[in-house]
Amino acid sequence: QNYLAESGGGSVEAGGSLRVSCEATGYPATDYCMAWFRQVVGGKREGIAAIDRIGRTHYADSVKGRFTISKDNAKRTMYLEMTSLEPEDTAMYYCAADTRYWCGDGWNSETAFDDWGQGILVTVSS
C-alpha cells in the first residue's frame, strides 16, 4: 500500500527555520513528481514547491528564496527546508506524490496528485 508520512513540524518564532520531511512507503515516490502543499484554516490548499524525477524544482512566489525542496531517493524521502519563517507561513503542510516523472505546468495543482500525506502543523509565532 502506498503511503506518505510527514514529520518534523512544530512551532518556531518568526525568523526561525524548520525542516519537514515526507517519507514514502510502498513505492519509490521520489522517482516521480512530488510536491508540498499547505493549507490555512478556512483556506484553499496551496502548492508551494515541487520536485521532479531529475531534481528540477518549482516554487510559489510566496516561498521562493526562503524555502528549499529536496529529496533523498535512497531514503524515499522528500524534504522542505524553511527559513526566514513568517507568521503567514503558519499552516498544515501536506506532501503529495504522483506517478508522472515531470511536474510541468501543473506542479501546483491539487488535482494533479494522487497520493497525499496526512498533514503536519507548522506554527510561526510573531
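Quick caveat: nothing in here was measured; it's all calculated off a predicted structure. Starting from 1, each residue takes its place in the sequence as its number.
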Could you tell me which non-hydrogen atom of [X] sits nearest to which non-hydrogen atom of [Y], and how far apart they are?
| X | Y | answer |
| --- | --- | --- |
| Glu6 | Gly117 | OE2-CA, 3.2 Å |
| Leu4 | Ala24 | CD2-CB, 3.7 Å |
| Ile51 | Ser70 | CD1-CA, 3.9 Å |
| Ala49 | Leu80 | CB-CD1, 4.2 Å |
| Ala35 | Met78 | O-CE, 3.4 Å |
| Ile48 | Val63 | O-CG2, 3.4 Å |

Pairs in or reaching into [range]: which pass ring pair (Phe, Tyr, Trp, His ring centres under 6.0 Å), with residues at least two apart or in two chains?
| range | result |
| --- | --- |
| residues 4-23 | none |
| residues 7-53 | Tyr32-Tyr101, Phe37-Phe113, Phe37-Trp116 |
| residues 47-71 | His58-Trp107 |

- Would you list the pairs meeting side-chain hydrogen bond (donor to acceptor under 3.5 Å, both in side chains) in which at least one residue belongs to residues 87-96, sequence neighbours left out?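 For residues 87-96: Arg38-Asp89, Arg38-Tyr93, Arg66-Asp89.
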Results of side-chain hydrogen bond (donor to acceptor under 3.5 Å, both in side chains) for [X] - residues two or more places apart only:
| X | answer |
| --- | --- |
| Thr111 | Ser109 |
| Thr83 | none |
| Arg76 | none |
| Gln39 | Arg45 |

- Is it the case that more than 12 heavy atoms not belonging to Glu86 sit under 6.0 Å from its CD atom?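 Correct, the count exceeds 12.
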- Find out whether Val124 and Met82 are in side-chain contact, i.e. whether some heavy atom of one side chain is under 4.5 Å from a heavy atom of the other.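 Not in contact.
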- With sequence neighbours excluded, give me every salt bridge (charged side-chain N to carboxylate O under 4.0 Å, His left out) pair touching residues 47-63.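 Sorted pair list: Asp52-Arg56, Asp61-Lys64.
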- Residue pairs, two or more places apart or on separate chains, that pass disulfide bond (SG atoms under 2.5 Å apart) and touch residues 70-115: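 Applying disulfide bond (SG atoms under 2.5 Å apart) to every pair that reaches into residues 70-115, excluding sequence neighbours, yields Cys22-Cys95, Cys33-Cys103.
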- Message: Under the rule for side chain to side chain contact (heavy atoms under 4.5 Å, CB included), what residues qualify as partners of Thr77, not counting sequence neighbours?
- Response: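 Result, side chain to side chain contact (heavy atoms under 4.5 Å, CB included) vs Thr77: Ser21, Glu23, Lys75, Tyr79.
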- When rounded to the nearest 0.5 angstrom, what is the spacing between CE in Met34 and CG in Asp115?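 Met34 CE to Asp115 CG: 9.0 Å, rounded to 0.5 Å.
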- Query: Could you walk me through whether Asp31 and Asn73 pass the side chain to side chain contact (heavy atoms under 4.5 Å, CB included) check?
  - Reply: CA-CA 7 Å; Asp31 285 351; Asn73 290 341; 4.3 Å; yes
